[in-house]
*Asks:* 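Here you go, one structure.
Order of the sequence lines sets the chain letters (A, B, ...), proteins ahead of strands, with each chain counted from 1.
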Amino acid sequence: MASPVTTIQNVGAYVGQTVQIHGWLYNKRSSGKIQFLQVRDGTGLIQCVAVKSEVGEEIFERCNSLTQESSLTVEGIVREDARAQGGYEVTLVGVEAVGPSQDYPITLKEHGVDFLLDHRHLWIRTPRQRAILKVRAEVMRAVSDYLDSHDFTRVDPPVLTPSSCEGTTELFETQYFDESAYLTQSGQMYAEAAAMALGKVYSFGPVFRAEKSKTRRHLIEFWMVEPEMAFAEHEENMQVQESLVTHIVQHVLTHCEDELKALGRDVSKLANVKAPFPRITYDKAIEWLKSHGHEIEWGEDFGAPHESALAEEYDRPLIIERYPTSVKAFYMQPDPNRPEVVLCDDMIAPEGYGEIIGGSERIHDYKLLAERFETHNLPTDTYAWYLDLRKYGSVPHAGFGLGLERTIAWICGLEHVREAIPFPRLLYRLYP
RNA sequence: UCCUCGAUAGCUCAGCGGUAGAGCAUCCGGCUGUUAACCGGAGGGUCGUAGGUUCGAAUCCUACUCGGGGAGCCA
């Protein structure tokens, strides 16, 4: 084989020429004297046609012996063909087996979730999972592109931390030589420190929640982008959120057309996603819920059904702002005119995907934050550094966290966030 | 933690008191344009585990194990 090597996505540049493609056998159909080999290489899927009378007995038999997911190099002439799904087909002239594949577990038929998750290392080879992982990569690129070009500096917080950042959720405990350490559940507090050093920053990495949550919106380990801005207040915070989410969705629409199509996503629903997003206050949300038959009183936090009901009223993400101080985190800045609410907001994705962003202006006054530490019974020794930020040149600042997998699940129209991450960590599932 | 549903061939499932079944996958045979190809044949089972009811249990009951979905909590 001396012909040039190409990938399936670039095969159109070689029409009429003989090329080599390295890949895996996705599927094979045979009809006695003609065989159709569907080859995938990570960039796409293409059908190679082997006709017995043309390739000869030996090569035809070699094709015949290839099994699902065996790796191979095919050589053939690229043709345009209206019958082919990608528009191109390869007339096979040669094939070399690279690695065999015996009794490949994942067939082209339907499988159950349990089985697929046990075989996640192989499941990701299927076209649908490939498309999702491609979208994931583009979402991450869009996040970086947007923030980097808006003067944010990426700063990576530690994964091992001395204790909880928010004090509420369950943490994974581990040994740190002679003391206990915990896997981070948020990089926010470190991002606040970094914002005082660099102005506008963001952290982007995995976070861990040891909650026994078993829903389609939950992962034990997930990725979060957490921008934090010095000298920014509540209004600007919400504007950055809208602008970032708009950029992510529009970027994916233009760069992942094929992938969204492969996923069967109704892109007309995504096309609407442009800032400004609808905004309502917590007060108004409560009013609306009560007038629509929900049993909820001012002062209670929303449950998932409440969020879904509210989000269903809009064709783009909904921002709900100014929640009661009592239901939100200790570090959130109270509304100066109404201390019973805080300057925070949640962004709820459409189509039932739930909360994708939670953000707030942070308390920047030393005395107020110190008071909150007391009322929330937080250990001032482990958080002395966090209070220090208010002691040395404190400024108003705000930030938010965007859940990557929920965002991907929404954009891709997935049933469950577990497909939005290569190897999901779920409740009681640590394999593979 | 609670509620709810489920576990039968490698996979997806049917069978719901009376001899363990189908499709796909695998193997063999047929087919020169297949699109989850199709057609014929073969092999393949401690019916999640442990008890109980019954002449008889995959089927009914109890407990346990594992898993799905949801609630709470969260992104």
*Asks:* Distance check, P atoms only: B:rU12 and B:rU19, in whole angstrom units.
*Replies:*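 Roughly 27 Å separates the two P atoms.
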
*Asks:* Under the 3.5 Å rule, do the base of B:rC74 and the side chain of A:Arg406 count as making a donor-acceptor pair?
*Replies:*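 Side chain to base: pair found, below 3.5 Å.
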
*Asks:* Roughly how many Å apart are B:rU65 and B:rC24, using the P atom of each and rounding to a whole number?
*Replies:*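 Result for the P pair: 39 Å, nearest Å.
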
*Asks:* Would you please determine if the base of B:rG33 is stacked by A:Phe36, with stacking meaning a centroid separation under 5.5 angstrom and planes under 30 degrees?
*Replies:*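 Not stacked: fails the 5.5 Å / 30° test.
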
*Asks:* How far, in whole Å, is B:rC73 from B:rA14 if one measures between their P atoms?
*Replies:*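 Rounded to whole Å, the distance is 36 Å.
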
*Asks:* Tell me whether the side-chain N or O atoms of A:Ser213 pair up with the base of B:rG72 as donor and acceptor below 3.5 Å, since no angle test is needed here.
*Replies:*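 Such a pair exists between side chain and base.
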
*Asks:* Would you mind classifying the nucleic acid contact of A:Lys214 as base, sugar-phosphate or nothing, using non-hydrogen atoms under 4.0 angstrom?
*Replies:*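 If one applies the 4.0 Å heavy-atom cut-off, A:Lys214 turns out to touch a base.
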
*Asks:* So what does A:Ser30 hit on the nucleic acid, given a heavy-atom distance under 4.0 Å: a base, only sugar-phosphate, or nothing?
*Replies:*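 Result for A:Ser30 = base.
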
*Asks:* How far does the P atom of B:rG69 sit from the matching atom of B:rC13, given to the nearest Å?
*Replies:*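 Going atom to atom, P in each nucleotide, I get 13 Å.
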
*Asks:* Work out how far the P atom of B:rG33 is from that of B:rG17, and round it to whole angstrom.
*Replies:*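 It comes out at 50 Å once rounded to the nearest Å.
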
*Asks:* Regarding A:Ile357, tell me which of base, sugar-phosphate or nothing describes its non-hydrogen contacts under 4.0 Å with the strands shown.
*Replies:*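 Sugar-phosphate, backbone atoms only, no base.
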
*Asks:* Please determine, for the side chain of A:Glu307, which listed nucleotide (B:rC31, B:rG68, B:rC74) has the closest atom?
*Replies:*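 The answer is B:rC74.
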
*Asks:* In whole angstrom, what separates A:Ile34's CD1 from B:rG30's C1'?
*Replies:*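 Taking atom C1' of B:rG30 as the reference, CD1 of A:Ile34 is at 16 Å.
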
*Asks:* Any side-chain N or O of A:Lys212 under 4.0 Å from OP1/OP2 of B:rU1?
*Replies:*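 For A:Lys212, the contact criterion (side-chain N or O under 4.0 Å from OP1 or OP2 of B:rU1) is met.
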
*Asks:* I need the NZ-P distance between A:Lys109 and B:rC11, as an integer number of Å.
*Replies:*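 A:Lys109 atom NZ is separated from B:rC11 atom P by 16 Å.
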
*Asks:* Under a 3.5 Å cut-off for both contacts, is B:rA36 paired Watson-Crick or G-U wobble with anything, and if yes, with which nucleotide?
*Replies:*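 For B:rA36, the partner nucleotide comes out as none, under the 3.5 Å rule.
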
*Asks:* Rounded to the nearest angstrom, tell me the gap between atom CG in A:Leu108 and atom P in B:rU26.
*Replies:*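 It is 10 Å, rounded to the nearest whole Å.
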
*Asks:* Quick check against the 3.5 Å criterion: does A:Lys28 have a side-chain atom that pairs as donor or acceptor with the backbone of A:Leu66?
*Replies:*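 Yes; judged by distance alone, with no hydrogens or angles, the pair exists.
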
*Asks:* At 4.0 Å (heavy atoms only), tell me whether A:Gln47 reaches a base, stays on the sugar-phosphate, or touches nothing.
*Replies:*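 Base: the residue A:Gln47, judged by heavy atoms under 4.0 Å, touches a nucleobase.
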
*Asks:* What contact category does A:Gly303 fall into here, base, sugar-phosphate, or nothing, at under 4.0 angstrom with non-hydrogen atoms?
*Replies:*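 Contact class for A:Gly303: sugar-phosphate only.
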
*Asks:* Under 4.0 Å between any heavy atoms, over every strand shown, what does A:Arg217 touch: base, sugar-phosphate, or nothing? Just pick one.
*Replies:*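 Counting heavy atoms under 4.0 Å across all strands, the contact made by A:Arg217 includes a base.
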
*Asks:* Regarding A:Ala84, tell me which of base, sugar-phosphate or nothing describes its non-hydrogen contacts under 4.0 Å with the strands shown.
*Replies:*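 No contact at all - A:Ala84 keeps every heavy atom at 4.0 Å or more from the nucleic acid.
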
*Asks:* Side chains of A:Thr43 and A:Asp41: is there a donor and an acceptor less than 3.5 Å apart?
*Replies:*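 The criterion, which ignores hydrogens and geometry beyond distance, is satisfied for A:Asp41 and A:Thr43.
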
*Asks:* Without swapping roles, check the side chain of A:Arg40 against the backbone of A:Gly23 for a donor-acceptor pair under 3.5 Å.
*Replies:*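 No: the side chain of A:Arg40 does not pair with the backbone of A:Gly23.
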
*Asks:* Specify the separation, in whole Å, of atom CG of A:Leu45 and atom P of B:rA36.
*Replies:*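 Distance check: A:Leu45 CG to B:rA36 P gives 11 Å.
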
*Asks:* In this structure, how many angstroms lie between the C1' atom of B:rC74 and the CZ atom of A:Phe400, rounded?
*Replies:*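 A:Phe400 atom CZ is separated from B:rC74 atom C1' by 18 Å.
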
*Asks:* Between A:Glu415 (CD) and B:rG69 (C1'), how many Å, whole number?
*Replies:*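 Result: 11 Å.
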
*Asks:* Which value, in whole Å, describes the distance between the P atoms of nucleotides B:rC39 and B:rA25?
*Replies:*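 Between the two P atoms, the distance is 11 Å.
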
*Asks:* Under 4.0 angstrom, heavy atoms only, what part of the nucleic acid is A:Asp346 near: base, sugar-phosphate, or nothing?
*Replies:*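 No contact.
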
*Asks:* Quick one: look up who B:rA71 pairs with, Watson-Crick or G-U, both distances under 3.5 Å, and put none if it's unpaired.
*Replies:*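 For B:rA71, the partner nucleotide comes out as B:rU1, under the 3.5 Å rule.
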
*Asks:* Does B:rU53 have a Watson-Crick or wobble partner in any strand here, with both distances under 3.5 angstrom, and which is it?
*Replies:*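 No nucleotide pairs with B:rU53.
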
*Asks:* Above 12 or not: heavy atoms from other molecules or residues under 6.0 Å from CD of A:Glu110?
*Replies:*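 No, CD of A:Glu110 has 12 or fewer neighbouring heavy atoms, counting only those of other groups under 6.0 Å.
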
*Asks:* Could you tell me whether the side chain of A:Thr18 and the main chain of A:Ser3 form a donor-acceptor pair under 3.5 Å?
*Replies:*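 Checking the backbone N and O of A:Ser3 against the side chain of A:Thr18, no donor-acceptor pair under 3.5 Å is found.
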
*Asks:* From C-beta outward on A:Val113, which listed nucleotide comes closest to its side chain: B:rU12, B:rG68, B:rG67?
*Replies:*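 Nearest nucleotide to the side chain: B:rG68.
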
*Asks:* Does A:Gln85 CD have over 12 foreign heavy atoms under 6.0 Å away?
*Replies:*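 Not more than 12 within 6.0 Å, no.
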
*Asks:* Determine the interatomic distance between C1' on B:rU26 and the same-named atom on B:rC11; round to the nearest Å.
*Replies:*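 After rounding to an integer number of Å, I get 12 Å for this pair.
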
*Asks:* When you measure from the side chain of A:Asp81, which nucleotide among B:rA75, B:rA25, B:rG33 comes out closest?
*Replies:*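 Nearest to the side-chain atoms of A:Asp81, counting from C-beta on, is B:rG33.
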
*Asks:* Could one point to a donor on the side chain of A:His218 or the base of B:rC74 with an acceptor on the other under 3.5 Å away?
*Replies:*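 Result: at least one qualifying N/O pair found.
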
*Asks:* Would you say A:Glu89 and A:Gln47 are linked by a side-chain donor-acceptor pair, where the criterion is simply a distance under 3.5 Å?
*Replies:*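 Indeed, the side chains of A:Gln47 and A:Glu89 share at least one donor-acceptor pair under 3.5 Å.
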
*Asks:* For B:rA58, what is the paired nucleotide under Watson-Crick or G-U wobble rules, both distances under 3.5 Å?
*Replies:*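 None - no nucleotide pairs with B:rA58, as no candidate has both distances under 3.5 Å.
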
*Asks:* Is it true that A:Arg154 and A:Ser203 share a donor-acceptor pair across their side chains at a distance under 3.5 Å?
*Replies:*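 The criterion, which ignores hydrogens and geometry beyond distance, is not satisfied for A:Arg154 and A:Ser203.
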
*Asks:* Determine the Euclidean distance between corresponding P atoms of B:rA9 and B:rU46; express it in Å to zero decimal places.
*Replies:*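 After rounding to an integer number of Å, I get 9 Å for this pair.
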
*Asks:* When you check the phosphate oxygens OP1 and OP2 of B:rG68, does a side-chain N or O of A:His416 lie under 4.0 Å from one of them?
*Replies:*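 No, A:His416 has no side-chain N/O under 4.0 Å of OP1/OP2 on B:rG68.
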
*Asks:* So what's B:rG6 paired with, Watson-Crick or G-U wobble, going by both distances under 3.5 Å?
*Replies:*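 B:rG6 is paired with B:rC66.
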
*Asks:* Give the rounded distance in Å between these two atoms: CD1 of A:Ile296 and P of B:rA71.
*Replies:*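 Going from A:Ile296 (CD1) to B:rA71 (P), I get 14 Å.
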
*Asks:* Within the 4.0 Å heavy-atom criterion, would you say A:Phe115 contacts the bases, only the backbone, or no part of the nucleic acid?
*Replies:*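 Sugar-phosphate, backbone atoms only, no base.
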
*Asks:* Choosing from B:rC74, B:rG67, B:rU34, which nucleotide comes nearest the side chain of A:Asp301?
*Replies:*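 The answer is B:rC74.
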
*Asks:* Regarding B:rU32, can its base be found pairing with the side chain of A:Ser53 as donor and acceptor, where the two atoms are less than 3.5 Å apart?
*Replies:*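 Answer yes: a donor N or O sits under 3.5 Å from an acceptor.
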
*Asks:* Please tell me whether A:Phe423 and A:Trp123 form a close aromatic pair, meaning their ring centres lie under 6.0 Å apart.
*Replies:*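 That pair fails the under 6.0 Å test.
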
*Asks:* Any side-chain heavy atom of A:Ile363 within less than 4.5 Å of one from A:Met332?
*Replies:*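 They are not in side-chain contact.
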
*Asks:* Taking any heavy-atom pair under 4.0 Å as a contact, classify A:Glu89: base, sugar-phosphate, or nothing.
*Replies:*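 Touches a base.
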
*Asks:* Whom does B:rC13 pair with, Watson-Crick or G-U wobble, provided both distances fall under 3.5 Å?
*Replies:*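 B:rG21 is the nucleotide pairing with B:rC13.
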
*Asks:* Could you state the atom-to-atom distance from CG of A:Asp114 to C1' of B:rU65 in whole Å?
*Replies:*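 These atoms are roughly 13 Å apart.
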
*Asks:* Using a cut-off of 4.0 Å on non-hydrogen atoms, how would the nucleic acid contact of A:Glu355 be classed: base, sugar-phosphate, or nothing?
*Replies:*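 Answer is sugar-phosphate: A:Glu355 comes under 4.0 Å of backbone atoms only.
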
*Asks:* Which sits closer to the 5' end of RNA chain B, A:Asn27 or A:Leu116, going by the nucleotide each is nearest to?
*Replies:*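 Result: A:Leu116.
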
*Asks:* Side chain of A:Pro305 only, please: which of B:rA71, B:rC74, B:rU32 is the nearest?
*Replies:*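 The nucleotide sitting nearest to the side chain is B:rA71.
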
*Asks:* Give A:Tyr104 one of three labels, base, sugar-phosphate or nothing, depending on what nucleic acid heavy atoms sit under 4.0 Å from its own.
*Replies:*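 Answer is nothing: A:Tyr104 stays at 4.0 Å or more from every strand.
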
*Asks:* Find the partner of B:rA42: check Watson-Crick (N1-N3 plus N6-O4 or O6-N4) and G-U wobble (N1-O2, O6-N3) distances, both under 3.5 Å, and reply none if neither fits.
*Replies:*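 WC or wobble partner is B:rU26.
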
